Amino acid sequence: MKRLLLALIGAYRKYISPCRPPCCRFIPTCSAYALEAVEKYGAFKGGALALRRILKCQPFHRQASIEYDPVP
C-alpha cells in the first residue's frame, strides 16, 4: 500500500503538477509533504496526515501568508 501511494504521488508530481500554476499555500508543497509523511509514517498514518494537509490547502483556510508546516 505504501509503495502504491508513493507511486501515485510521484506520478502527480511528474505529470500533473507541472501543468498547473504554482498555488500551494504551504512550505513544503503539499505533494512533498505527502511524500515525506508516507515515507516516514507509512500508508495509513502518513496518508491521513497528507489528507489533512490537502484539506487545509484551500482558499477558505484562515491564513495570512505562506505558512511553514513541516511533517511532525
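Count residues from 1 along the sequence. For clarity, every value in this text was computed on a predicted model and none was experimentally measured.
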Flag, side chain of Y41 to backbone of A48, donor-acceptor distance under 3.5 Å: no
Salt bridge (charged side-chain N to carboxylate O under 4.0 Å, His left out) contacts in which one or both residues fall within residues 31-55, not counting sequence neighbours: R53-D69
Please find the pair of heavy atoms, one from [X] and one from [Y], that lie closest to each other, and give the distance.
| X | Y | result |
| --- | --- | --- |
| I9 | S31 | CG2-O, 3.7 Å |
| P70 | P28 | CA-CD, 4.4 Å |
| R13 | A32 | NH1-CA, 4.0 Å |
| A43 | L5 | O-CD1, 3.7 Å |

I54 and Y33, any side-chain heavy atoms less than 4.5 Å apart: no
Nearest-0.5 Å distance, CG of residue L51 to SG of residue C30: 11.0 Å
L35 reachable from V38 in the ILVMFWY side-chain graph, under 4.5 Å edges: yes
Set of side-chain contact (heavy atoms from CB on, under 4.5 Å) partners for A11, sequence neighbours left out: Y15
Side chain to side chain donor-acceptor pair (under 3.5 Å) against R20, all qualifying residues, sequence neighbours excluded: Y12
